[in-house]
Each structure stands twice: as C-alpha cells, then as structure tokens.
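All figures in this text were calculated on a predicted structure; none of them were measured in a lab. Sequential numbering from 1 along the given sequence is applied to the chain's residues.
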Amino acid sequence: MNLMLFGAPGAGKGTQAKFLIEKYNIPQISTGDILRAAIADKTDMGMEAKKFMDEGKLVPDSTIIGIIKDRLAESDCKEGFILDGFPRTLPQAESLNELMSNMEISLDKVISLNVPDEFIVGRITGRRICSKCGASFHVEFNPSKEENVCDYCSGELITRKDDNAETVKSRLEAYHSQTAPLIDFYTKMNVFTELDGTKDVSEVTKDMINSLS
Ligand code: AP5
Ligand code: MG
Ligand code: ZN
C-alpha cells in the first residue's frame, strides 16, 4: 500500500504514521525527519536545508526530490510506504507522479488530517520528539509513558528547533500558499480523503484505519 499523510504543520501526520507502520509493516518516509538527520550528521545538504527550516520556509524542491528518489529506491519500500510531509509543492507532486510511474507503482490514498490553524500553535509548542526515532509526543495531549523517554525506543525526548510560536507562523503561511493547492491536485486524481484531525489521537487512528479498509 502506497499512502500519503497530508496536512498542516502539527496536524498529526508523524503521530498517525507510527500506527500505520505497525499495522501495515511499511516504512514512514518523513522528509522532515530525513532533513533533521542530515542536520545532525552535519552533511552539506543538511547545513543548507537548516537555513530554510529554522525560518519555517520550505527547502528547495530539487533537494527534496533528490531525497525522495533515493529513499523510494530502497528495498524496504517494495511492499509500500507512508509519505509524511512530502510532497508540499506542485512541482514535488508532479515529480512524485513521474517517479512512481517509472517505478510502475501508484498512490493508493492521500489522507488529509484537517486541523484549523487555531489548534496548531498549542500543538507545536507542547510537542516533544524522540532524538533517536523521531516519534512525536505532546506534554499535555499525548504524553509519553515516562517523562522525557520515548515509548517506542527509549530515546531522549527533545524540543524541535523550529517548534516555537514565531516559526509556526511562517510554516502555516508556507502550508496555505504552497501546499494547500495539492488538495485540488489529489482530488482530481481521485485519491484524496479528509479526516477530522481535531479528535483525540486514538479516534483519528480509528477513522484512518476505517478509511483504509
Ligand atoms: P516537518 O518535519 O514535516 O514538519 P511539519 O510539516 O511542519 O509537520 P510537523 O512534523 O510539525 O507536524 P505533524 O503533522 O507531523 O504533527 P505531529 O504528529 O508531530 O518539516 C519540517 C521542515 O522541514 C519544514 O518546515 C521545511 O522547512 C522542511 N521540509 C520538510 N519536508 C519538506 C518538503 N517536502 N518540501 C520542502 N521542505 C520540507 O503532531 C504535532 C503535535 O500535536 C505533537 O505534539 C503531537 O503529540 C500532537 N498531536 C498529534 N495528534 C493530536 C491529536 N489528535 N490531538 C491532540 N494533539 C495531537
Ligand atoms: Mg512530522
Ligand atoms: Zn524513539
């Protein structure tokens, strides 16, 4: 199954991807996680991307498309994958279609987690992510079982550098101007489904699994 999770920053894509990985045994491909790993490794690509990410701006399409091309070619993607945070622009979506058509595969579903802007700031400022596996938690809405320890891999929980009220504004702007037009693109491809992302984490998971069965 080839899936995509779509939605504003903080909509719950990363959170819900964790459930899909377990249920379908396919990998999550988060361009945000891949970029953060490149920053941690201090690669040239990571250092270049960091400038954009720290400002809440999108990283240039050419960088992102290169990342995805390499990642989809890896063997763990053969049975399917969950795209999280990609594509985010029309050129990225068009490149993905071309790439998938060359691989003779197609996108089964785009699941949009709908969360209005007014919910987003609270979600982002209370988020803690795992420094090892990238899993997302929230100090209030979705706490880890043990404080500051990841439920999945026991890694240490940290705050993302771009998770502050200032950067959230530019990330939301980028989402509305550059990413939201993809709703039309995927509706026309007949793969777009919308869910209410403001429900509790477990409710959203149920709705998502239902929409896939
Ligand atoms: P990225 O890492 O993708 O960040 P994002 O899109 O801003 O999305 P988030 O990770 O913030 O949100 P999410 O939907 O995963 O939410 P989560 O599940 O964590 O990208 C970071 C940056 O990298 C971008 O700004 C850009 O610069 C660059 N980049 C990445 N991909 C790119 C691309 N394709 N093109 C160009 N640039 C790119 O949940 C958020 C919080 O809410 C958590 O605390 C969680 O516990 C909580 N929560 C989740 N669900 C619920 C719920 N139902 N109720 C209450 N709380 C909830
Ligand atoms: Mg995420
Ligand atoms: Zn972890």
Give the table of side-chain donor-acceptor pairs shorter than 3.5 Å for residues 139-148, with sequence neighbours excluded, one pair per line with atom names and distance.
unit_1	atom_1	unit_2	atom_2	d
S144	OG	E146	O	2.7

Any donor-acceptor N or O pair under 3.5 Å, side chains T43, D41
no
Could you check whether T167 and D162, counting side-chain N and O atoms only, form a donor-acceptor pair closer than 3.5 Å?
no
Please say whether more than 12 non-hydrogen atoms of neighbouring residues, nucleotides or ligands are located less than 6.0 Å from CG in N25.
no
When you look at CD of E79, are more than 12 heavy atoms from neighbouring residues, nucleotides or ligands closer to it than 6.0 Å?
no
Indicate the ring-plane relationship of F192 and F6, choosing parallel, tilted or perpendicular according to the 30° and 60° boundaries.
perpendicular
Give the minimum heavy-atom separation between [X] and [Y], together with the two atoms involved.
{"X": "G14", "Y": "D84", "answer": "CA-OD2, 3.5 Å"}
{"X": "I65", "Y": "S95", "answer": "CD1-OG, 3.2 Å"}
{"X": "A174", "Y": "L58", "answer": "CB-CG, 4.2 Å"}
{"X": "I29", "Y": "C77", "answer": "CD1-SG, 3.8 Å"}
{"X": "C130", "Y": "G155", "answer": "SG-CA, 3.9 Å"}
{"X": "G85", "Y": "T31", "answer": "O-OG1, 3.0 Å"}

Once side-chain hydrogen bond (donor to acceptor under 3.5 Å, both in side chains) is applied, what residue pairs with a partner in residues 98-113 remain, sequence neighbours excluded?
S112-N114
Please examine the side chains of [Y] and [X], heavy atoms only from C-beta on, and report whether any two atoms are closer than 4.5 Å.
{"X": "R36", "Y": "M53", "result": "yes"}
{"X": "M1", "Y": "L212", "result": "yes"}
{"X": "T205", "Y": "L20", "result": "no"}
{"X": "E22", "Y": "F19", "result": "no"}
{"X": "P27", "Y": "R71", "result": "yes"}

Partner of F52 under side-chain contact (heavy atoms from CB on, under 4.5 Å), picked from K50, E55, E48, is E48
Check: K57 side chain, K51 main-chain N or O, donor-acceptor pair, under 3.5 Å
no
Donor-acceptor pair, T63 side chain versus V59 backbone, under 3.5 Å?
no
At what distance, to the nearest 0.5 angstrom, does CD1 of I111 lie from CG of L3?
5.5 Å
Hey, could you give me the CD1/CG distance between I26 and N2, rounded to the nearest 0.5 Å?
7.0 Å
List the steps and the verdict of side-chain contact (heavy atoms from CB on, under 4.5 Å) for L72 and L99.
CA-CA 9 Å; L72 290 186; L99 198 60; 3.9 Å; yes
Would Y175 and R88 satisfy side-chain contact (heavy atoms from CB on, under 4.5 Å), going step by step from the backbone distance to the final call?
CA-CA 8 Å; Y175 171 74; R88 272 169 134 102; over 6 Å; no
Could you tell me whether R171 and D163 make a salt bridge, using a distance below 4.0 angstrom between a side-chain N and a carboxylate O?
yes
